[in-house]
Colleague: 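Sharing a structure here in structure tokens format.
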Amino acid sequence: MKLFTLFGLLSVLILCLSVFSAEGRYSRKHCCRRSPKIRKAQANYAPYFFDNGASSTNGNMALLSLSEDIPVGTHVYTLNGTDPEGDPVTYGMTYEAGSRSYFAIDTNFGNVTLIEALDREKEDEIEVIVSISDGLSTVAEKVRILVTDANDESPEFINTPYIVQVPENTPSGSSIFKIEAADKDTGSGGSITYFLQVAEKVRILVTDANDESPEFINTPYIVQVPENTPSGSSIFKIEAADKDTGSGGSITYFLQNIRTNKFTIDRHSGVLRIKTGITLDYEKSRTHFVTVVAKDGGGKLRGDNKVFSATTTVTINVEDVQDTPPMFIGTPYYGYVYEDTLADSEVLTVVALDGDRGKPNNIHYGLVTGSEGSFEINNTTGAISVIKNPSKLKKEVYELKIQASEISLDDDVTAYAFAIVTIRVVDLNNHPPTFYGENGPQNRFELTMYEHPPEGEILRGLKITVNDSDQGANAKFNLRLVGPGGIFRVVPQTVLNEAQVTIIVENSAAIDYEKFQLLTFKLLAIEVNTPEKFSSTADIVIRLLDTNDNVPKFSSDYYIARIPENSPGGSNVVAVTATDPDSGLWGEVKYSIYGTGADLFLIHPSTGIIYTQPWATLDAEVTAKYNFYVKAEDTEGKYSLAEVFMTVLDVNDHSPEFSENIQEKTMIIGSPVKIEAIDQDAEEPNNIVDYSIMQADPANVFDIDQSTGEIKLKSYIRSLDIIHNITKDKDCIWSVVVQAKDRGSPSFSTTAVLKIDITEETLHKGPMAAFLMHTKDNPMKALGVLAGVMGVMVVITIMISTAMFWRNKRSNKIMPVRRIIKKRQIHQPRTVRMEWLKFKLSSNPAEKFAIEDDTKSLQNENSNNNVQVPSLPPTAPALPPSPVLAPKINTTEWRVTTVSGSLNPKFINKPGKKKGPSSTHNALVSELKQKFEKRNIASNNLHI
């Protein structure tokens with residue numbers, strides 16, 4: 001045990017020393033490759049393994065455990081790692097000196113296969129060194145693989161054969177011999193039990209049940225497929241076996257994730273094919289993992305129908321085919337030759353790789369042009385060397401065209417690619433940063449571009465390279481753009497030795513041709529860590545080209561215009577103005593108008609002057625307001641709108657007009673009469689009318705209100721007697737010439753003759769009196785009203801009679817005719833004032849006339865609520881006060897509506913004397929007719 005421990009410690013020490021020695025060799029190797037005169041194009045980072053843990057089947061093989069009974073040829077693990085630069089990696093596996101090689105590895109795919117049988121009883125741990133390389137750097141790790149036990153050893157008897165001498169008289173149950181056996185396995189596989197066996201041969205027939213799952217044969221499946229294999233081709237046949245018979249032993253195959261899979265499988269034969277229309281590409285995906293499911297046909301197991309399946313993973317490795325040309329790594333290439341560089345010194349090394357990484361061809365380098373006998377290239381390594389002394393070099397910049405060719409195994413050139421190597425001849429640390437254009441150093445760069453480029457766009461027209469010939473910290477400098485801020489930014493901002501200068505758009509809106517036609521910046525390069533702080537500048541001049549990025553814009557969103565209505569056709573109204581800041585044809589504006597109010601107007605397409613149609617006639621009295629839209633449009637159809645509000649100014653072109661040139665009116669002393677003239681002009685003061693009396697006979701009798709046209713008598717005339725003293729004309733009908741004059745400029749006027757019939761105020765009160773007074777001069781109007789009242793009375797009477805008839809008919813009773821006994825009243829002396837006619841203000845026209853009369857009503861003798869209108873005999877107009885009557889019992893009101901009002905006699909339910917039957921309708925009509933006749937006679941007497 002001590003020896004084993006000592007051996008383990010020595011192994012660990014040897015491993016550490018070997019790793020340290022390998023790292024030292026690696027460091028020395030890289031240090032030797034460095035040259036003080038050669039600059040690397042880019043840094044290289046070492047590849048590394050993925051550490052996926054003990055349970056993973058891919059990674060770095062750390063903590064891997066394998067059973068000793070794994071068959072030889074089994075795929076046991078997949079090494080998996082990556083390179084930070086994305087370069088392809090290869091894998092390796094080595095052993096300590098004197099160790100057995102148990103595994104083989106696929107250097108391209110990392111697949112580890114067992115090639116030597118494992119035996120835990122002989123070796124329970126295996127130490128291997130796994131490595132990963134990207135072609136430039138190699139990383140190695142030592143891993144320890146544990147071999148686990150399997151019950152693969154049979155017990156072995158010790159000290160055989162056994163020959164035992166037993167006396168015949170040995171008692172039964174006595175121990176006669178001890179048998180010993182040993183098993184090299186551990187655990188339960190190494191425990192031994194002993195028994196005696198007596199055997200007898202019995203044949204038992206076993207029927208099949210579906211108790212076996214399908215098992216794939218010859219797993220794992222690793223398939224190599226060339227990337228140019230046609231779609232639809234068969235690439236592999238998968239086989240599975242099921243020990244069951246019948247349907248339980250039949251197997252069908254299918255793939256998981258069939259939609260995202262590039263492969264398909266025949267469900268019966270297990271043949272794996274590439275899907276139709278799908279091609280493989282080694283450069284895009286080198287390995288595909290396909291999960292295949294094998295399912296049996298099902299069968300009975302313990303009374304239930306069971307279906308078993310098994311899955312396996314097919315690893316499909318895509319083999320590279322020569323279909324991609326070589327690619328240069330680390331372009332662009334820049335090299336420098338200093339003044340103290342020796343001839344035949346290496347300047348830089350170009351590297352090209354076969355694009356087909358699976359089976360790459362050898363690369364042959366050649367110098368095509370640009371050398372001018374000053375440089376050469378190593379055909380194998382790609383190292384470029386200067387073969388002349390730098391003082392004999394005639395140019396400062398050499399551009400070498402390098403060709404990298406693929407050489408097949410038959411020494412044929414199968415593909416090639418080109419790269420440009422720029423080599424500068426520089427002095428020692430005595431130069432500031434320098435700007436270079438396409439033709440060499442320059443301090444002014446010009447670019448012509450359109451305005452408003454997209455933000456983030458690179459100004460590709462500026463080919464600027466900046467270089468500092470110094471080395472190390474002396475060659476580090478900052479770049480800065482000096483000028484209007486926030487428009488562009490420069491990339492990179494810090495440079496070591498040399499860089500391509502990129503200027504990027506940062507604010508597109510600020511790059512406006514209408515604001516700047518020329519943008520000027522200073523590109524400043526200033527050293528960072530040098531005491532001299534050498535710097536240099538270059539002028540960046542950007543000339544902007546115009547685009548149609550603006551729409552025409554009106555000087556106002558709306559225009560207010562006024563035009564007199566008497567303006568002739570073709571008169572200018574208003575001029576609208578729109579400007580387009582774009583240049584050239586894009587800045588030309590064309591005007592047009594449209595809208596419902598634009599029919600009478602035109603617009604000049606160039607000047608924007610709006611004028612009336614030649615045939616247009618404006619009239620403020622017809623249409624005083626117009627509004628429509630004007631449109632300003634450029635040549636590409638970009639436009640804007642403005643609204644025009646047009647007011648037609650009124651002109652005094654109408655005279656005031658009376659309804660009649662000769663009018664007749666009746667004037668009651670104390671009340672005015674009104675005359676009115678209308679001016680059709682649309683606006684003030686043209687339509688304001690002033691009234692005046694031009695002539696009156698006799699004069700100095702009337703006054704007229706200048707504004708309203710009301711004519712009244714002088715204040716001292718209060719009765720007809722005063723008028724009779726003024727004139728001998730007893731008719732009191734005077735003529736007045738009234739003038740109506742507007743306030744326009746010029747002013748228009750017209751006259752009318754007004755015949756005024758003067759009368760005193762009537763004694764009759766109320767609306768009826770006023771109506772009669774107003775209709776005194778028009779008797780036909782009064783007769784029309786009277787005829788209307790009578791017609792309505794007749795219609796109402798017919799309706800009431802019809803209703804009563806049908807009601808009596810339904811009750812099958814004969815109603816007695818109601819008799820109204822009216823007590824004759826003692827009349828007071830007659831006066832001119834007619835108290836019987838009283839007007840009531842009511843919203844109902846039928847309630848304007850009301851005749852109040854105290855009568856005695858007869859009670860309904862049949863008690864059937866049929867009230868019949870009593871016959872009212874004519875009575876005197878003036879009625880005495882109502883007598884004091886006994887308390888009323890069951891008072892009932894009735895009303896007969898007329899055009900002018902309603903007659904509302906009131907009845908007291910007292911027994912009365914019967915009179916002969918009479919017609920209610922005839923009584924009412926007769927009474928109204930008599931009262932109207934008496935009123936007319938009284939009115940005529942008053943006038944007389």
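The residues of the chain are indexed from 1 along the displayed sequence. For the numbers below, each heavy atom of this structure counts, side chains included, while hydrogens, waters and symmetry mates do not.
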Colleague: For the residue pair S65 and T148, what are the closest heavy atoms and their distance?
Modeller: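 What the structure gives for the nearest pair is CB-CG2, 4.2 Å.
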Colleague: Could you tell me if the side chain of K401 sits less than 4.5 Å from the side chain of I420, heavy atoms only?
Modeller: yes
Colleague: Would you indicate whether the side-chain heavy atoms of E227 and T279 approach each other to under 4.5 Å?
Modeller: no
Colleague: Using modelled atom types only, decide if a donor and an acceptor are shared between the side chain of Y333 and the backbone of V351 within a distance under 3.5 Å.
Modeller: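 Yes; at least one donor-acceptor contact below 3.5 Å.
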Colleague: Taking all heavy atoms of A117 and all of Y102, pick out the closest pair and write down the distance.
Modeller: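 Minimum heavy-atom contact is O-CE2, 3.6 Å.
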Colleague: Give a yes or no on whether a salt bridge exists between K178 and E180, defined as a side-chain N under 4.0 angstrom from a carboxylate O.
Modeller: yes
Colleague: Is it the case that atom NZ in K275 sees more than 12 heavy atoms from other parts of the structure closer than 6.0 Å?
Modeller: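 Check passes, neighbour count above 12.
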Colleague: Working to the nearest 0.5 angstrom, can you tell me the gap between L63 CG and R144 CZ?
Modeller: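 That separation rounds to 10.5 Å.
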Colleague: Measure the NZ-OG distance between K306 and S213 for me, rounded to the nearest 0.5 Å.
Modeller: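 It comes to 11.0 Å.
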Colleague: Any side-chain heavy atom of L66 within less than 4.5 Å of one from V147?
Modeller: no
Colleague: For R460, give me all partners under side-chain hydrogen bond (donor to acceptor under 3.5 Å, both in side chains), at least two apart in sequence or on another chain.
Modeller: none
Colleague: For the backbone of G298 and the side chain of S247, can you confirm whether one donor and one acceptor N or O come within less than 3.5 Å of each other?
Modeller: yes
Colleague: Counting only N and O atoms by type, is there a donor-acceptor contact under 3.5 Å from the side chain of E68 to the main-chain atoms of A150?
Modeller: yes
Colleague: Just so I know, are the side chains of R100 and Y95 near enough to count as touching, which here means a heavy-atom distance under 4.5 Å?
Modeller: no
Colleague: Enter the distance from I274:CD1 to S233:OG here, rounded to the nearest 0.5 Å.
Modeller: 5.5 Å
Colleague: Roughly how far, to the nearest 0.5 Å, is the OG1 atom of T349 from the CD1 atom of I329?
Modeller: 14.0 Å
Colleague: Is the backbone N or O of I384 less than 3.5 Å from a side-chain atom of Y365, with the two atoms forming a donor-acceptor pair by type?
Modeller: no
Colleague: So, for Q224 and P226, which heavy atoms are closest and what is the spacing to 0.1 Å?
Modeller: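 Looks like O-CD, 4.1 Å.
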Colleague: Please evaluate residues I402 and L367 with respect to the criterion side chain to side chain contact (heavy atoms under 4.5 Å, CB included), reporting the C-alpha separation (whole Å), side-chain torsions for both, the decisive distance (0.1 Å), and the verdict.
Modeller: CA-CA 5 Å; I402 307 300; L367 189 56; 3.1 Å; yes
Colleague: As a quick check of understanding, evaluate side chain to side chain contact (heavy atoms under 4.5 Å, CB included) for F216 and I238, giving each step before the final call.
Modeller: CA-CA 8 Å; F216 288 95; I238 298 168; 3.6 Å; yes
Colleague: Drop me the distance from F103's CZ to L114's CG, to the nearest 0.5 angstrom.
Modeller: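 CG of L114 is found 6.0 Å from CZ of F103.
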Colleague: Within the side chain of D296, is there an N or O that forms a donor-acceptor pair under 3.5 Å with the backbone of F308?
Modeller: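 Looks like yes, one N/O pair under 3.5 Å.
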Colleague: Please name the pair of heavy atoms, one in A241 and one in I217, separated by the smallest distance, quoted to 0.1 Å.
Modeller: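 In terms of heavy atoms, the two residues are closest at CB-CD1, 3.9 Å.
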Colleague: If we ignore hydrogens and angles and just use 3.5 Å, is the side chain of E406 paired with the main-chain N or O of N361 as donor and acceptor?
Modeller: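 Not confirmed, E406 side chain does not pair with N361 backbone.
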Colleague: I'd like a table of donor-acceptor pairs (distance under 3.5 Å, sequence neighbours excluded) in which one partner is a side-chain atom from residues 70-77, with atom names and distances.
Modeller:
from: T74; atom 1: OG1; to: P71; atom 2: O; distance (Å): 2.7
from: H75; atom 1: NE2; to: Y77; atom 2: O; distance (Å): 2.9
from: H75; atom 1: NE2; to: T78; atom 2: OG1; distance (Å): 3.0
from: Y77; atom 1: OH; to: N58; atom 2: O; distance (Å): 3.3
from: Y77; atom 1: OH; to: G59; atom 2: N; distance (Å): 3.2
from: Y77; atom 1: OH; to: M61; atom 2: N; distance (Å): 3.2

Colleague: Rounded to the nearest 0.5 Å, what's the gap from CG on N80 to CG on N111? Could you check?
Modeller: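 The CG atom of N111 is 10.0 Å from CG of N80, to the nearest 0.5 Å.
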Colleague: Give the C-alpha distance, both sets of side-chain angles, the deciding distance and a yes or no for side chain to side chain contact (heavy atoms under 4.5 Å, CB included) between I129 and E141.
Modeller: CA-CA 6 Å; I129 299 174; E141 297 180 6; over 6 Å; no
Colleague: With a 4.5 Å heavy-atom cut-off, do T90 and N108 have their side chains touching?
Modeller: yes
Colleague: Hey, are the side chains of V225 and V318 touching, using non-hydrogen atoms and a 4.5 Å cut-off?
Modeller: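 No, too far: nothing below the 4.5 Å cut-off.
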Colleague: Indicate yes or no: at least one non-hydrogen side-chain atom of D211 is less than 4.5 angstrom from one of D244.
Modeller: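 They are in contact (side-chain heavy atoms under 4.5 Å apart), so the answer is yes.
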Colleague: Checking the side chain of Y253 only, and the main-chain atoms of A240 only, is there a donor and an acceptor separated by less than 3.5 Å?
Modeller: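 Here the side-chain-to-backbone pair exists.
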Colleague: Please tabulate, one pair per line, all N/O donor-acceptor pairs under 3.5 Å involving side-chain atoms of residues 254-272, not counting sequence neighbours.
Modeller:
from: T260; atom 1: OG1; to: N257; atom 2: O; distance (Å): 3.4
from: N261; atom 1: ND2; to: Q256; atom 2: O; distance (Å): 3.4
from: D266; atom 1: OD1; to: H268; atom 2: N; distance (Å): 3.0
from: D266; atom 1: OD1; to: S269; atom 2: N; distance (Å): 2.9
from: D266; atom 1: OD1; to: S269; atom 2: OG; distance (Å): 3.1
from: S269; atom 1: OG; to: V271; atom 2: N; distance (Å): 3.4

Colleague: Do any N or O atoms from the side chain of E127 and from the backbone of K142 form a donor-acceptor pair under 3.5 angstrom?
Modeller: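 Not a single qualifying donor-acceptor pair exists.
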Colleague: Do the non-hydrogen side-chain atoms of L118 and I126 ever get within less than 4.5 Å of each other?
Modeller: yes
Colleague: Using every non-hydrogen atom in the two residues, find where P155 and I192 come nearest and quote the distance to one decimal.
Modeller: CB-CD1, 4.1 Å
Colleague: Between N305 and G299, is there a donor-acceptor pair closer than 3.5 Å when you use the side chain of the first and the backbone of the second?
Modeller: yes
Colleague: Do E156 and K184 sit within salt-bridge range, that is, some charged N less than 4.0 Å from a carboxylate O?
Modeller: no
Colleague: Without swapping roles, check the side chain of Y91 against the backbone of G81 for a donor-acceptor pair under 3.5 Å.
Modeller: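 Yes; judged by distance alone, with no hydrogens or angles, the pair exists.
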Colleague: Can you name the nearest heavy-atom pair linking A404 to A352, along with the distance?
Modeller: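 Heavy atoms of A404 and A352 come nearest at CB-CB, 3.6 Å.
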Colleague: Could you walk me through whether F289 and V314 pass the side chain to side chain contact (heavy atoms under 4.5 Å, CB included) check?
Modeller: CA-CA 6 Å; F289 298 96; V314 180; over 6 Å; no
